[in-house]
Amino acid sequence: TKAGGAKQQTVINRLEQIFPPVFIQAFVLTFLAEWGDRSQIATIVLAAAKDPYGVTLGGIVGHSICTGAAVLFGNLIASKISHKAINYTGGILFILFGVGTAIQLMMTSAEAPVVVQSAVLAATSAH
């Protein structure tokens with residue numbers, strides 16, 4: 001209905017006043033990029049073995065410092081180098097990391113279950 005659409009647009013407008021579009025883009029990008037990566041898996045194992053509140057605080061502070069440095073240095077680099085060069089470099093690095101990860105997975109796929117088992121055993125024996 002038109003009333004429902006107008007109400008939804010009002011909510012979106014209010015959210016955009018509170019959270020600018022760049023905030024939403026950065027949040028979604030960071031959330032999706034970090035979901036299920038190695039550091040998250042390591043954090044899960046650490047939280048299972050140690051104080052989850054300390055792990056949460058340490059993760060937040062560590063990630064904030066890392067992201068803050070990336071933003072500050074990224075802004076500095078962007079003022080000195082063209083956006084096109086940054087995009088090409090980022091794309092090439094992304095491909096290289098992907099190829100490196102694929103090679104690593106192929107070389108260690110037989111050892112992976114042992115590594116996961118060891119991490120779980122270490123986490124559960126720490127209690």
Side-chain angles (χ1 to χ4, degrees):
T1 66
K2 288 184 180 182
K7 187 176 182 180
Q8 183 179 10
Q9 189 59 43
T10 301
V11 170
I12 291 171
N13 289 342
R14 286 186 185 162
L15 284 175
E16 286 179 346
Q17 288 173 349
I18 298 169
F19 304 110
V22 70
F23 172 85
I24 295 168
Q25 289 172 340
F27 175 81
V28 170
L29 177 69
T30 303
F31 184 83
L32 293 177
E34 295 299 321
W35 190 259
D37 73 346
R38 290 181 190 179
S39 62
Q40 187 181 36
I41 303 301
T43 304
I44 290 168
V45 172
L46 186 61
K50 306 290 182 182
D51 174 33
Y53 298 108
V55 173
T56 300
L57 183 60
I60 289 170
V61 172
H63 194 73
S64 296
I65 291 171
C66 183
T67 301
V71 168
L72 293 175
F73 289 119
N75 191 23
L76 180 68
I77 290 170
S79 67
K80 307 283 186 215
I81 302 173
S82 75
H83 289 276
K84 191 173 184 178
I86 292 171
N87 286 336
Y88 278 126
T89 303
I92 290 168
L93 287 173
F94 186 81
I95 290 168
L96 290 175
F97 286 135
V99 169
T101 300
I103 291 169
Q104 184 182 19
L105 285 172
M106 286 187 274
M107 294 177 68
T108 61
S109 62
E111 300 169 11
V114 175
V115 172
V116 172
Q117 267 184 338
S118 299
V120 171
L121 287 173
T124 56
S125 65
H127 287 287

With sequence neighbours left out, the residues meeting side chain to side chain donor-acceptor pair (under 3.5 Å) with Asn87 are none
ask   = If Ile, Leu, Val, Met, Phe, Trp and Tyr residues are connected whenever their side-chain heavy atoms lie under 4.5 Å apart, and connections chain through other members, are Phe19 and Phe31 in the same group?
value = yes
Residues pairing under side-chain hydrogen bond (donor to acceptor under 3.5 Å, both in side chains) where one sits in residues 10-27, two or more places apart or in two chains, turn out to be Gln9-Asn13
Using a 4.5 Å side-chain heavy-atom cut-off and chaining through intermediate ILVMFWY residues, the residues clustered with Ile77 come out as Ile81, Ile86
With sequence neighbours left out, the residues meeting side-chain contact (heavy atoms from CB on, under 4.5 Å) with Thr89 are Leu93
Connected to Leu57, directly or through other members, by ILVMFWY side-chain contacts below 4.5 Å are Val61, Ile65
Contacts of Val28 meeting side-chain contact (heavy atoms from CB on, under 4.5 Å) (sequence neighbours excluded), chain-then-number -> Ile24, Leu32
- Message: Are Phe27 and Ile18 linked, directly or through intermediate hydrophobic residues, by side-chain heavy-atom contacts shorter than 4.5 Å (ILVMFWY only)?
- Response: yes
